[in-house]
Amino acid sequence: MNYDSVQVYRGFDIGSAKPSVATRAIVPHHLFDIIEATDEFNAADYARIARETVQSIDGRDRRAILAGGTFFYLRALLSGLPEMPGRNEAVRERLRAIANRTRGPEKLHRWLSKIDPQSGRKIAPADRHRVERALEVRITSGRPISHWERPDDEAEELPAIKIALTIERARLVEILDRRVDAMYAAGLVDETRALLAQFPRTARPFGTIGYREAAAVLANEMPLHDAITETKRRTRAYAKRQMTWLRSERNVQWLDATNVDDTFASAMRLIAEGKS
């Protein structure tokens, strides 16, 4: 069951490392290819659909296994989300208009850092969606988004076994770099070209790692070599943020991923024991 925020989009396959159709035919896979690039979709939407899916799996006397890298989606499912101000389309249109200008995302992030310094420090400038949402909440409610966020110790989680993998940093970087090379070799730029024929470049998934760089290549804004280099840089930075998030998460079972067979056996033992 997927909790990756790019793999939910139809057609965004290579850049998200989505499991192939053949792989997904072996056992049931859930929450892949459920929305279009231009659809409004957020963590609350994901949590609602994911909870229904988990309940359906439980009803068949099976256990859902979740995998992905968007930990905010996972937290939304397991712990729920606090009440926040709803969407304000007028404010969103204003923010999008700024974002679409030259250096617009950087201007929005500077604005956020000025009126909500805590969010400005936590949210990366390239994370356009979260920057816009934090600004929207601050503008509409007069309070920073952190005011509405529930402290972790107040959240009641769904029962789950959380397994995180760790590996020596140098080897991880090597694996990540090979993954990026493989994506471009598999046709990431061509896939992006086909998607841009269907959806505007402003659609959210075109700002994600790999697709943003491929779109820049197609717009003659960046040579291919530089796009690959930038994709590798962003991938490494994202992996570092993921590890930071995981280390702050409660009740995580850490497994060394150096030996795949040993890691799999350890994970199966944890699941069998029901350790959480």
Side-chain angles (χ1 to χ4, degrees), residues 1-9 12 15-18 30-32 34-35 37 39-54 64-87 92 95 105 108-109 112 116 118-138 141 143-165 203-212 234-235 237-252:
M1 183 168 153
N2 170 52
Y3 67 89
D4 182 280
S5 62
V6 183
Q7 292 180 347
V8 296
Y9 291 102
F12 289 78
S16 69
K18 191 181 297 177
H30 303 273
L31 304 190
F32 295 90
I34 59 174
I35 56 173
D39 290 342
E40 288 286 349
F41 192 79
N42 57 31
D45 297 320
Y46 171 82
R48 174 180 52 80
I49 297 172
R51 189 160 296 208
E52 293 171 355
T53 305
V54 169
I65 298 176
L66 287 85
T70 307
F71 298 128
F72 189 57
Y73 275 22
L74 181 63
R75 181 174 289 178
L77 168 62
L78 297 181
S79 305
L81 292 172
E83 292 295 326
M84 284 195 183
R87 299 170 180 169
R92 287 188 171 210
L95 294 174
L108 286 181
H109 191 266
L112 176 63
D116 183 359
Q118 182 177 343
S119 295
R121 289 190 296 271
K122 286 172 57 178
I123 303 174
D127 196 340
R128 173 176 165 176
H129 180 78
R130 291 184 64 204
V131 169
E132 291 178 13
R133 177 57 179 158
L135 283 168
E136 178 186 25
V137 170
R138 181 66 175 81
S141 71
R143 296 178 182 273
I145 197 168
S146 57
H147 168 82
W148 302 93
E149 292 173 343
R150 180 173 55 215
D152 288 347
D153 57 8
E154 294 182 12
E156 293 185 7
E157 288 195 346
L158 293 176
I161 301 166
K162 302 177 187 176
I163 299 174
L165 306 180
R204 184 180 179 187
F206 288 118
T208 60
I209 298 171
Y211 288 106
R212 187 170 78 180
R234 292 181 69 202
T235 301
Y238 187 59
K240 186 175 182 179
R241 293 198 300 273
Q242 286 177 316
M243 294 300 290
T244 299
W245 179 292
L246 282 170
R247 291 192 182 100
S248 68
E249 192 73 10
R250 295 175 297 177
N251 303 320
V252 174

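Residues T70 and S5 share a closest heavy-atom pair of OG1-N, 2.9 Å. The two residues F41 and R204 make their nearest non-hydrogen contact at O-NH1, 3.2 Å. Here the closest heavy-atom approach between residue Y211 and residue G15 is recorded as OH-N, 2.9 Å. Between L31 and N2 the shortest heavy-atom distance is O-ND2, 2.9 Å. Taking both residues in full, the closest heavy atoms of L77 and R51 are given as O-NH2, 2.5 Å, listed atom of the first, atom of the second, then distance. Looking at every heavy atom in both residues, S248 comes nearest to W245 through OG-O, 2.7 Å.
Taking NE2 of H129 as the start and CD1 of I123 as the end, the distance is 10.0 Å to the nearest 0.5 Å.
Evaluation of the side-chain contact (heavy atoms from CB on, under 4.5 Å) rule for P105 yields no partner, not counting sequence neighbours. Applying the side chain to side chain donor-acceptor pair (under 3.5 Å) criterion to T208, with sequence neighbours excluded, gives no partner residue. Listed by chain and number, the residues in a side-chain contact (heavy atoms from CB on, under 4.5 Å) with R128 are R96, A99, N100, E132 (sequence neighbours excluded). Residues satisfying the side-chain contact (heavy atoms from CB on, under 4.5 Å) test with A43, not counting sequence neighbours, are F72, Y73, A76, L81. Judged as a salt bridge (Lys or Arg N to Asp or Glu O under 4.0 Å), and not counting sequence neighbours, the contacts of R234 are E213. Every residue two or more places apart in sequence or in another chain that forms a side-chain contact (heavy atoms from CB on, under 4.5 Å) with R87 is listed here: E40, N42, D45, E89, R92, E136.
Taking a 6.0 Å sphere around CG of L165, one finds it holds more than 12 heavy atoms contributed by other residues, nucleotides or ligands.
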